[in-house]
There are 2 protein chains.
Amino acid sequence: MLELAILGLLKEQDLHGYELKKRLADTLGLGSGVSFGSLYPALARLERAGAVRSLEPAADTSPIPQTGSLGGELAAFRARTAGTRRGRSRKVYRITQRGEELFAELLAEDSGPAEDARLFSLRLAFARYLSDDARLGMLEHRRLQLLERLNRSGARARTTRDKLDAYLHSLLEHDREATEHDLSWIERLIAREREARAASAAVGATDRADSSGEHPRTTTTPVAMTTGPDKESTR
Amino acid sequence: MLELAILGLLKEQDLHGYELKKRLADTLGLGSGVSFGSLYPALARLERAGAVRSLEPAADTSPIPQTGSLGGELAAFRARTAGTRRGRSRKVYRITQRGEELFAELLAEDSGPAEDARLFSLRLAFARYLSDDARLGMLEHRRLQLLERLNRSGARARTTRDKLDAYLHSLLEHDREATEHDLSWIERLIAREREARAASAAVGATDRADSSGEHPRTTTTPVAMTTGPDKESTR
DNA sequence: CGATAGATGTATCGGCTCGATATAGTGCGG
DNA sequence: CCGCACTATATCGAGCCGATACATCTATCG
């Protein structure tokens with residue numbers, strides 16, 4: 001999972017560990033990012049697998065950002081002293097051809113029924129690298145997961161009628177609302193995706209049934225299932 | 001973290017591992033609950049620490065639920081064959097005095113600035129065991145965390161103006177909305193808490209300034225901070 | 001009847017991630 | 001010159017997860 005995020009960031013430019021951690025935290029959706037205890041081992045794994053290679057210091061005034069764009073008041077100061085390397089010597093990582101392939105694999109991977117919210121967010125952050133079909137498939141997949149989760153909320157409400165602690169009840173209720181919110185978001189994304197597709201395919205084949213208002217609800221699944229595990233951090 | 005959840009459930013009744021896992025999944029807010037790979041080691045730790053003890057088979061027709069209330073069609077069948085133990089012999093866990101103490105410690109624990117959403121949910125699920133003050137403190141603490149997170153969202157939006165990928169932008173936007181939703185939920189909980197407190201203290205002291213509409217916003221913090229890490233699963 | 005499938009249960013293993021900590025180089029203010 | 005803060009790489013122990021193994025019982029189908 002971390003590998004995917006690292007490779008995705010390195011696709012755009014070479015980075016050293018510290019900077020990588022920062023971008024993981026605030027460029028991507030990952031709250032607070034990851035700890036060094038995960039990041040460095042992950043980089044080591046990737047290097048061992050030949051997916052990235054590390055470049056030594058690279059002399060001075062390299063085009064690698066001087067850890068910039070944070071702090072605010074600090075930024076001005078940073079601009080003044082730019083070019084003077086600070087702290088310990090950095091090890092800069094660059095993605096390899098093998099790394100590009102690995103990225104594509106990880107991004108497209110099936111990710112069983114347990115796919116959690118973090119992984120979905122990560123995939124969406126790199127959705128621009130997917131084909132139209134793969135991207136739409138990913139969104140539909142997520143939609144089904146959320147529907148299933150919503151089902152379980154309903155089932156739970158029906159099973160344990162009221163006799164619940166007030167705090168627990170509020171928690172469960174909020175969780176259900178958050179899931180509904182997520183679901184409507186995903187459905188907006190799907191609708192947008194279909195519009196774009198329809199627009200780009202304006203020339204060509206015969207009319208393809210849908211395309212007008214009230215988006216076709218795809219595979220619908222009328223809200224009824226019994227089994228299947230799931231994994232949804234918290235919310 | 002898991003220990004807290006286990007002890008909280010065992011406070012109400014003796015349970016065996018499998019049933020414990022089920023309740024972790026759907027009684028509490030934890031999506032999909034935890035895996036056996038966490039649960040059994042956690043139980044072993046708790047037993048080693050003297051916080052729980054395991055009771056052997058306990059003969060037949062014990063008052064422990066026969067893993068009931070799931071399946072639906074299965075429930076009827078289950079009712080018929082109730083009383084006949086199934087599968088491997090179960091090991092039933094019971095909380096000890098030491099366990100009750102440990103539960104109280106874990107529930108009240110300070111939980112640094114990194115407290116994630118899962119842990120907060122867990123604490124809220126057991127909030128009924130906290131004193132009024134501790135409960136309110138927990139809610140205020142969570143409120144500040146969410147405000148800080150919201151700040152960072154704003155800062156990010158101001159720093160990286162527009163030049164963002166559409167999917168990434170949508171992701172970040174959705175994340176911000178979800179945080180706002182969480183925040184307003186917490187504020188409703190705080191308001192409710194204060195009302196209850198005011199109602200119960202109806203007899204006694206002089207009038208205490210607030211109590212009428214437009215809840216007092218507590219410690220307000222006018223949305224401005226620069227540093228501090230955080231941890232928020234995803235969203 | 002016997003085979004098969006499937007639910008119920010307990011348990012362990014390898015691998016990833018985390019939080020804490022160690023190490024180290026640099027500039028800044030007192 | 002000393003301590004402090006910031007940048008940066010790296011490791012350790014422990015927790016958690018997914019997969020898997022193992023064991024026991026029942027229902028169902030040929």
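The model shown is predicted, which means the values in this text are computed figures rather than measured ones. A, B, ... follow the sequence lines: proteins, then strands. Residue 1 opens every chain.
In this structure, CG of A:Leu46 is placed 15 Å from P of D:dT9, rounded to the nearest angstrom. The separation between A:Leu20 atom CG and C:dT17 atom P is 13 Å, rounded to whole Å. Summarising the geometry, the separation between CZ on B:Phe36 and C1' on D:dG15 is reported as 18 Å, rounded to the nearest angstrom. The CG atom of B:Leu119 sits 15 Å away from the P atom of D:dG15 (whole-angstrom rounding). Between the OH atom of A:Tyr93 and the C1' atom of D:dA8 there is a distance of 11 Å, given to the nearest Å. B:Arg90 places its CZ atom 18 Å from the C1' atom of D:dC22, with the value rounded to the nearest Å. Going from atom OH of B:Tyr18 over to atom P of C:dA7 covers 9 Å, rounded to whole Å. When the C1' atom of D:dA10 is taken as reference, atom NE2 of A:His16 falls 16 Å away, rounded to whole Å.
Comparing C:dC18, C:dT10, D:dT9 by their nearest atom to the side chain of A:Val34 picks out C:dC18. Looking at the side chain of A:Ser38, the nearest of the listed nucleotides C:dG9, D:dT11, C:dT17 is C:dT17. You'll find that the side chain of A:Met1 is closest to C:dT17, out of D:dG15, C:dT17, D:dA10.
Checked against A:Asp14 for a salt bridge (Lys or Arg N to Asp or Glu O under 4.0 Å), the options A:Arg53, A:Lys91, A:Arg94 give a single hit: A:Arg94.
Aromatic pair B:Tyr167/A:Phe126: centroids not less than 6.0 angstrom apart.
Neither OP1 nor OP2 of C:dA11 sits under 4.0 Å from any side-chain N or O of B:Tyr40. Regarding contacts with the backbone of C:dG9, every side-chain N or O of B:Lys21 stays at 4.0 angstrom or more from both OP1 and OP2. At the phosphate of C:dT17, neither OP1 nor OP2 sits under 4.0 Å from any side-chain N or O atom of A:Arg118.
Electrostatic pairing of A:Glu12 and A:Arg128 counts as a salt bridge here, judged by a charged N lying under 4.0 Å from a carboxylate O.
Under the 30°/60° scheme for interplanar angles, the aromatic rings of B:Tyr18 and B:Phe36 are found to lie parallel.
Qualifying salt bridge (charged side-chain N to carboxylate O under 4.0 Å, His left out) partners for A:Glu177, counting only residues two or more places apart in sequence or in other chains: none.
B:Gly17 comes within 4.0 angstrom of sugar-phosphate atoms only, judged by non-hydrogen atoms across all strands, and of no base.
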